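What follows is a short report on a single structure.
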Amino acid sequence: MEKRMSVGQYAFYYGVTTGFALALISLLSYVPMLGTIAWLLRLLALVFLTMYFVRRYRDQFNGGTLTSGEGFLLTFLMFLYIGIIAALYSGAQIALMAAKDSQELFLLLQQTYEDAGIDIPDQTIRDVIKIVPYVVGIFYILGHLVVGAIFGAIYSSSFRREDPYPTDEQPMN
């Protein structure tokens with residue numbers, strides 16, 4: 001008997017799984033001299049894992065068929081969940097770095113504003129430091145949505161497989 005799973009449920013499971021796998025790969029960037037390799041490995045994993053999961057959905061969970069709309073929606077939703085995990089990971093990472101080096105960061109921003117001739121209160125600088133993780137998170141989600149739309153268009157046409165047309169012997173539904 002063939003398994004059935006909705007597009008949204010499948011996208012959630014495997015988008016979150018892919019997001020966590022990519023976050024783990026991102027930890028390699030903390031190893032000296034592996035920063036560039038970690039970035040490349042993360043990019044390759046993103047492409048191949050999403051491609052694998054779209055094909056797997058088509059072949060194992062959707063009866064071997066996948067319409068263009070389903071393929072696009074599946075890919076787009078997966079990238080949404082991947083973007084949310086990436087935003088949480090990077091936001092937490094930046095928040096920890098800002099908390100650790102907050103005085104150094106504050107002095108750097110204060111000096112930058114003074115060099116630019118901008119008089120800004122100290123509290124405003126502290127407020128800017130506090131919102132940076134949220135802004136970065138929003139941009140991570142938006143970036144993944146744009147990439148998800150592009151990959152969704154590619155995957156929807158590449159992996160599309162419609163039901164075959166009925167022959168003369170088979171009645172049409």
Side-chain angles (χ1 to χ4, degrees), residues 6-57 71-156 158-159:
S6 71
V7 171
Q9 185 180 21
Y10 187 88
F12 176 75
Y13 289 151
Y14 295 104
V16 170
T17 300
T18 303
F20 278 120
L22 296 175
L24 288 174
I25 291 170
S26 295
L27 291 174
L28 289 175
S29 64
Y30 289 107
V31 177
M33 298 174 42
L34 288 183
T36 305
I37 293 171
W39 180 84
L40 182 62
L41 186 60
R42 186 182 186 285
L43 181 65
L44 289 172
L46 177 68
V47 170
F48 288 113
L49 283 174
T50 54
M51 186 184 307
Y52 169 75
F53 287 131
V54 170
R55 289 185 68 197
R56 183 171 181 248
Y57 178 77
F72 180 82
L73 180 64
L74 175 61
T75 307
F76 187 76
L77 287 176
M78 282 179 58
F79 272 86
L80 170 67
Y81 296 122
I82 293 167
I84 290 170
I85 298 298
L88 292 173
Y89 172 78
S90 62
Q93 185 180 28
I94 290 171
L96 289 173
M97 286 187 331
K100 180 180 142 191
D101 301 327
S102 65
Q103 187 59 30
E104 292 176 30
L105 185 58
F106 174 80
L107 293 174
L108 177 69
L109 284 173
Q110 188 179 40
Q111 185 63 40
T112 303
Y113 282 122
E114 285 177 9
D115 291 347
I118 301 172
D119 185 30
I120 191 165
D122 291 350
Q123 186 57 40
T124 304
I125 295 173
R126 292 187 202 291
D127 291 341
V128 167
I129 291 171
K130 288 179 187 174
I131 66 166
V132 166
Y134 301 108
V135 173
V136 168
I138 289 169
F139 279 107
Y140 262 89
I141 292 172
L142 291 176
H144 279 84
L145 288 178
V146 169
V147 173
I150 293 167
F151 276 66
I154 294 168
Y155 289 172
S156 68
S158 299
F159 298 126

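These numbers come from a predicted model, not from an experiment. In what follows, residues are counted from 1 in the order of the sequence shown.
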> Leu24 versus Phe20: any side-chain heavy-atom pair under 4.5 Å?
Replying inline: no

>> Between Glu104 and Leu108, does the side-chain contact (heavy atoms from CB on, under 4.5 Å) criterion hold? Intermediate values first, please.
In response: CA-CA 6 Å; Glu104 292 176 30; Leu108 177 69; over 6 Å; no

> Near Tyr81 OH, under 6.0 Å, is it more than 12 heavy atoms from other residues, nucleotides or ligands?
Replying inline: yes

>> Taking the side chain as everything from C-beta on, heavy atoms only, tell me whether Leu80 gets closer than 4.5 Å to Ile84.
In response: yes

> Just wondering, do Phe12 and Leu77 contact through their side chains at under 4.5 Å, heavy atoms?
Replying inline: no

>> Check the orientation of Phe151 and Tyr155. Use parallel for under 30°, tilted for 30 to 60°, and perpendicular for over 60°.
In response: perpendicular

> With side chains defined as the heavy atoms from C-beta onward, is the minimum distance between Val7 and Phe76 less than 4.5 Å?
Replying inline: no

> Thr75 side chain to Phe72 main-chain N or O, any donor-acceptor pair under 3.5 Å?
Replying inline: no

> Between Gly71 and Ser156, which heavy-atom pair has the shortest distance, and what is it?
Replying inline: C-CB, 4.0 Å

>> Restricting to non-hydrogen atoms, name the atom on Phe53 and the atom on Thr18 that form the minimum distance, rounded to 0.1 Å.
In response: CE1-OG1, 3.3 Å

> Are the side chains of Leu40 and Leu44 in touch, meaning some heavy atoms are under 4.5 Å apart?
Replying inline: yes

>> Any heavy-atom pair between the side chains of Leu46 and Phe79 that's under 4.5 Å?
In response: yes

>> Could you tell me if the side chain of Leu109 sits less than 4.5 Å from the side chain of Ile120, heavy atoms only?
In response: no

> Where is the tightest heavy-atom contact between Leu22 and Arg42, given as atom of each residue plus distance?
Replying inline: CD2-O, 3.5 Å

> How are the rings of Tyr10 and Tyr14 set to each other: parallel, tilted or perpendicular (split at 30° and 60°)?
Replying inline: tilted

> Which atom pair, heavy atoms only, marks the closest approach of Leu28 to Leu34?
Replying inline: O-CB, 3.5 Å

